[in-house]
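Everything on this sheet refers to the single structure shown next.
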Amino acid sequence: MTISATSQDSNNTQSPLILVDGSSYLFRAYHVPYLQALSTADGQPTGAITGVLNMFRSLKKDYPNGNIIAIFDAKGKTFRNDMYPEYKANRPPMPDDLRTQIAPIHEIITAMGLPLLVIPGVEADDVIGTLARQADELGIETVISTGDKDMAQLVTQHVRLINTMTDVEMDVAGVSEKFGVRPDQIIDYLALMGDKVDNIPGVVKCGPKTAVKWLAEHGTMQEVIANADKVKGKIGENLRDALEQLPLSYQLATIKCDVELEQTAGELAASEPDVDALAELYQKFELKRLLADLGKGDSGTSTTGAAKKSKKAKATNANDSSNLAGEQVVEIKAVEVEETQYDIILDKALFEQWLKKLQTCEAFAFDTETTSVHYMKAEIVGVSFAIEVGKAAYVPLTHDYVDAPEQLDKDWVLAQLKPLLESKTIKKIGQNLKYDANVLSHYDITLQGIDFDTMIESYCYNSVATRHNMDALALKYLDYQTVHFEDVAGKGAKQLTFNQIEIEKAGHYAAEDADITLRLHHAIFPALEQTASMLSVFNEIEMPLLPVLARMEQTGVLIDSDILAEQSFTLGQRLDELEIEAHNLAGKSFNLASPKQLQQILFEELQIPVIKKTPKGAPSTAEEVLQELALDYPLPKVILENRGLSKLKSTYTDKLPLMVSDKTGRLHTSYHQAVTATGRLSSTDPNLQNIPIRSEQGRKIRQAFIAPKDHKIVAIDYSQIELRIMAHLSNDKGLVTAFSEGKDIHKATAAEIFAVELDEVTTDQRRSAKAINFGLIYGMSAFGLAKQLHIGRQQAQEYQDKYFQRYPGVLTYMEDTRQQASEQGYVETLYGRRLYLPDINAKNGMRKKAAERAAINAPMQGTAADIIKKAMLAVDHWLLEQNDDRIKMTMQVHDELIFEIHQDIVEETTAKLVELMNNAVELSVPLIAESGIGDNWDEAH
DNA sequence: AACAATCCATA
DNA sequence: GTATGGATTGTTT
């Protein structure tokens, strides 16, 4: 069969028929993580609704003339179940939180005026197949929108598939290219392979490759069956074993194309949308975007939606306990995008005019444009400002493309701006100002008056919303689509740096950045202010911390690249040896780093028993599994050593030296202040918070973190901070006393649980107690504890019961936390940082349990984060007072601060720093910081 | 080039 | 069982 050249002879004047596989949309939308958190204020999940409707919308955009028909599966069994009772028997039941979204979707689609087909007794596929067949016969161009590959059998000269996610269309040639067989061979192909998910039997070990090979040879499954005795080897046996089953598989894989329908493909057509019904439904399910768009009117109708929206968008009080989902509604002040006036400043006169306004204003938003996203490499290209909403200016400085207009002198402009930027009284508003502060510091400007950072505002307001970049914020809080950096600079290898971008284009982008930042501040800050605790975390912790982090990043840390290079070499040698050994043991050469190849070798070729599976169902080759297998087999042991060493080499010894700045000869990480849900910092480029410590080899890497000449590395960490916080929060008498008396807490716990004297506690008992203590912090279950300690579930339960019996305050605290989380939808740290838990009342038990564990952990982890942040503020304050460049704070690793201190003053300075950290906050138990001093980070521990 | 899956480093 | 970032392989834009 060849692709017909006559496909043009179809009736082009008729609008194409678009058949939508609604059920495939539904499942896909349901599994999009970003959408899973969505729900209405009263807890009805809306993620799948939103996702499905978005997909319909994009379909409409792609096929403006399309005649869209929606087809969904009906409830209950189908004729395939009668044929084969095991059909789809492996499918888990539909989750409740998906089920409840189906009816709304149907209602909305109907209100949109689209024909909706839900036919019992058959699957959506069969309805689609029937319509596609009819359309094909009528010569109507048809597009089937689905994620299901099985539908490839329906493709003809007039019928194509489109994968909505990838927007890839597949015609006859496309099917052949993709699958290696023609559309009319797809059923044969599917039948031979079988389908695990749908529980369709096929030929064992026959995958796509084999099926294609056979069909290329014989054309159809019937012919393959007829020639079954000629196939050699194991796979030939498998084929012959499957002969009886294959006709059934063929039937099951065949989409039924003669379902009886009330209307034919030629008759079905959309009707006018019922705008009022839509507005009501969108409002009911709080679909803000859709409601807004309804007002804008693709159909040019009514403004009902928009009017309702402005009434509805009244700020929800953050204390409102009905708001359980963590989804917050903010009053949107600047919904209408008014006239904007963006100045591009190329002459002195206009610049001075702006300068005057800036000098006399209370606060302004500003943004720097640079050549790089890395603060150490970035050079300023221009700066932008906004004082009032809608009016912004961009001052280009160093655009240097061919024919770039003459620009104001960079040094002169920065000199003019310096007093302004360094003023503590004129407030600055920005988005991620730490970056701007770092860049400006390279121009001898110390940014001050950093009062409002919209990224931090958004983070304090809701830390669970993972993205706090400007584009996301503008969309969320202003319902405004910004110009993206990639829109002006391109992306990938061809991306331009900002200095290469035309001033006109760059100016609009940059000025908009400043303008939007200002608007965001006006949108988010008032909402943040409504909750005193959130405001205080913002004002007392996060904003003051920003310049402290900037200073630490600027300072960087010193590493000895030679030590690392040497270690890389040694590691490389050992890795080569291990590779040879592994290949010998396996009897063939393979990639040690590939879990997939390793699975094959271990579990298929060597027939080693499978102990655990990955979440996706493949046999796991994770460390704990190999650890266990290593007892009985040689290969896993080699793999384990290889894994450990290659991780060290690629992530640390090879990589770190490459990241040393040529400007300073030091390593400069980026601390992220708006990433974690719990309030911790995170670190990237490089991540200094996961430098190895546990293994002997790993500690060598810490030895490369050295002090400069005449200096020492001082590491000070909080001892048992999270358990101390648990003691404080729970106010459990026994726990508080144990800490107050300065006891070894794990030992004390062991004495209580195992009912022995303190000095009779064995190492084993202490280890168990330690696991229990850690487990408590993680919201552990008896099941988890059992796994950790390799003991039975019952015994783990006994330990846990005993613990709660001895420390009843902890039990009460855990129960209260869970209840509080469930009632208010969030938990708080000691200092008021709030963590929303959208899943806390989820119908899905797993997700609910996970949210409960997070609810237990967050106050402890988050309070620890608050405390060390406060300590950093205290330390930084003291350092500024000292104004002594022999002392530098260089790193933060969650419960540890690392310093570089001149040897002459190291003892007394360390004592002072420990004192500052100990007194960072007042708890009902002592807060203990422990210090270590050495020539490198390893020694300092 | 971008993304998922898997594994592993830290607190 | 909590919270992260990153390297690798393997698949698909």
Side-chain angles (χ1 to χ4, degrees), chain A residues 31 33 163 165-168 178 463 466 486 491-495 590-599 612-626 639-640 642-652 654-656 659 669-672 675-695 697-699 701-702 717-718 720-722 726 771-772 774-789 796 800 827 835 846 849-862 864-865 868 891-896:
Chain A
H31 286 105
N163 182 326
M165 191 164 63
T166 56
D167 263 358
V168 174
K178 165 102 197 198
S463 68
T466 41
E486 284 179 355
K491 61 176 177 175
K494 280 174 278 179
Q495 189 170 62
F590 70 104
N591 183 347
L592 302 193
S594 164
K596 207 172 164 187
Q597 293 183 29
L598 185 59
Q599 276 161 21
K612 202 186 109 183
K613 296 204 167 180
T614 63
K616 253 196 84 190
S620 168
T621 62
E623 180 178 335
E624 50 166 344
V625 176
L626 297 182
I639 301 288
L640 273 175
N642 177 283
R643 280 234 184 109
L645 298 187
S646 68
K647 167 89 178 174
L648 294 182
K649 184 168 186 288
S650 61
T651 313
Y652 304 107
D654 284 353
K655 197 68 188 293
L656 293 177
M659 305 186 83
T669 185
S670 290
Y671 288 106
H672 301 281
V675 169
T676 73
T678 53
R680 277 187 177 179
L681 297 176
S682 82
S683 154
T684 62
D685 308 302
N687 180 355
L688 292 183
Q689 297 181 320
N690 71 344
I691 302 298
I693 191 168
R694 296 203 232 273
S695 74
Q697 292 276 5
R699 289 168 60 134
I701 292 166
R702 292 209 168 201
D717 69 312
Y718 280 119
Q720 311 293 2
I721 186 163
E722 290 180 0
M726 186 168 86
I772 291 168
F774 271 95
L776 286 163
I777 296 171
Y778 298 152
M780 172 192 64
S781 61
F783 179 76
L785 181 65
K787 230 172 71 182
Q788 175 76 29
L789 287 174
Q800 211 178 32
V827 290
L835 176 83
M846 294 267 285
K849 285 275 180 232
E852 282 180 358
R853 290 192 295 269
I856 299 288
N857 175 257
M860 292 184 266
Q861 192 183 119
I868 196 156
M891 287 188 271
Q892 190 253 40
V893 191
H894 306 312
D895 65 359
E896 174 183 16

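Only heavy atoms go into these numbers, but all of them, side chains included; no hydrogens, no water, no symmetry mates. In the text below, chain A, chain B and the rest are named by the order of the sequence lines, each starting its count at 1. All figures in this text were calculated on a predicted structure; none of them were measured in a lab.
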Heavy atoms only, 4.0 Å cut-off, all strands: where does A:Ile691 land among base, sugar-phosphate and nothing?
sugar-phosphate
Calculate the interatomic distance between A:Leu681 atom CG and C:dA3 atom C1'; express it in whole Å.
12 Å
Rounded interatomic separation in angstrom, taking CG from A:Leu592 and P from B:dC8
13 Å
CD of A:Gln788 versus P of C:dT2: gap in Å, rounded?
12 Å
Looking for any heavy atom pair under 4.0 Å, which part of the strands does A:Glu623 touch: base, sugar-phosphate only, or nothing?
sugar-phosphate
Ignoring backbone atoms, test whether A:Asn591 places a side-chain nitrogen or oxygen under 4.0 Å from the OP1 or OP2 oxygen of C:dT9.
yes
When we call it a touch if two heavy atoms are under 4.0 Å apart, what does A:Glu896 touch: a base, just sugar-phosphate, or nothing?
nothing
Considering every strand and a 4.0 Å limit on heavy-atom distances, what is the contact class for A:Ser683: base, sugar-phosphate, or nothing?
sugar-phosphate
Evaluate the side-chain proximity of A:Gln800 to A:Ile772: yes if any heavy-atom separation is below 4.5 Å, no if none is.
no
For A:Phe774, which contact category applies under a 4.0 Å heavy-atom criterion: base, sugar-phosphate, or nothing?
nothing
Mind checking A:Ala865 for me? I need base, sugar-phosphate or nothing, with any heavy atom below 4.0 Å counting as a touch.
nothing
Measuring only between side-chain heavy atoms, which start at C-beta, is A:His894 closer than 4.5 Å to A:Gln689?
yes
Taking C:dA3, B:dA11, C:dG6 as options, the one with an atom nearest any side-chain atom of A:His894 is B:dA11
For A:Ile777 and C:dT2, what is the distance between atoms CD1 and C1' respectively, to the nearest whole Å?
9 Å
Correct closest heavy-atom pair for A:Pro686 and A:Leu656 would be CB-CD2, 3.7 Å
Given C:dT2, C:dT4, C:dT8, the nucleotide with the shortest approach to the side chain of A:Ala593
C:dT8
Rounded to the Å, how far apart are A:Ile772 CD1 and C:dT2 C1'?
17 Å
Return no unless some side-chain N or O of A:Gln892 is found under 4.0 Å from OP1 or OP2 of B:dA11.
no
For the side-chain contact (heavy atoms from CB on, under 4.5 Å) test, which of A:Asn857, A:Leu785, A:Ile856 pairs with A:Tyr778?
A:Asn857
Give a yes/no answer on whether the side chain of A:Thr621 brings an N or O atom under 4.0 Å of OP1 or OP2 in B:dC7.
yes
With a cut-off of less than 4.0 Å, is there a side-chain N or O of A:Arg680 near OP1 or OP2 of B:dA11?
no
For a quick check of understanding: with a heavy-atom distance under 4.0 Å over all strands, which category does A:Ser781 fall into, base, sugar-phosphate or nothing?
base
Side-chain atoms of A:Thr676 come closest, of C:dT2, C:dT4, B:dA11, to C:dT4
Please state whether the phosphate of C:dG10, meaning OP1 or OP2, lies under 4.0 angstrom from any side-chain nitrogen or oxygen of A:Ser594.
yes
Let me know the distance between CG of A:Asn690 and C1' of C:dG5, rounded to the nearest Å.
6 Å
Quick one: does A:Gln861 reach the base of C:dT2 with a side-chain donor-acceptor pair under 3.5 Å?
yes
Correct closest heavy-atom pair for A:Leu789 and A:Ala771 would be CD2-CB, 3.7 Å
Examine B:dC7: is either OP1 or OP2 under 4.0 Å from a nitrogen or oxygen in the side chain of A:Ser620? Give yes or no.
yes
Starting at OH of A:Tyr778 and ending at C1' of C:dT4, how long is that distance when rounded to a whole Å?
11 Å
Between the base of B:dA9 and the side chain of A:Arg694, is there a donor and acceptor pair under 3.5 angstrom?
no
Of the listed nucleotides C:dT8, B:dT6, C:dT4, the one nearest the side chain of A:Pro595
B:dT6
Using a 4.5 Å cut-off on heavy atoms from C-beta on, say whether the side chain of A:Met891 contacts that of A:Glu896.
no
Can you confirm whether A:Leu598 sits close enough to A:Ile639 that some side-chain heavy atom of one is under 4.5 Å from a side-chain heavy atom of the other?
yes
Starting at atom CZ of A:Arg699, determine the distance to atom C1' of B:dT10, rounded to an integer number of angstrom.
15 Å
Less than 4.0 angstrom between a side-chain N/O of A:Lys647 and OP1 or OP2 of B:dC7, yes or no?
no
OP1 or OP2 of C:dG5 under 4.0 Å from side-chain N/O of A:Ser682:
yes
Counting only side-chain heavy atoms from C-beta out, which of C:dG10, C:dT8, B:dA11 sits nearest to A:Asp895?
B:dA11
Would you say a side-chain N or O of A:Lys596 is under 4.0 Å from OP1 or OP2 of C:dT11?
yes
Is A:Ile693 touching bases, backbone alone, or none of the nucleic acid, heavy atoms closer than 4.0 Å?
sugar-phosphate
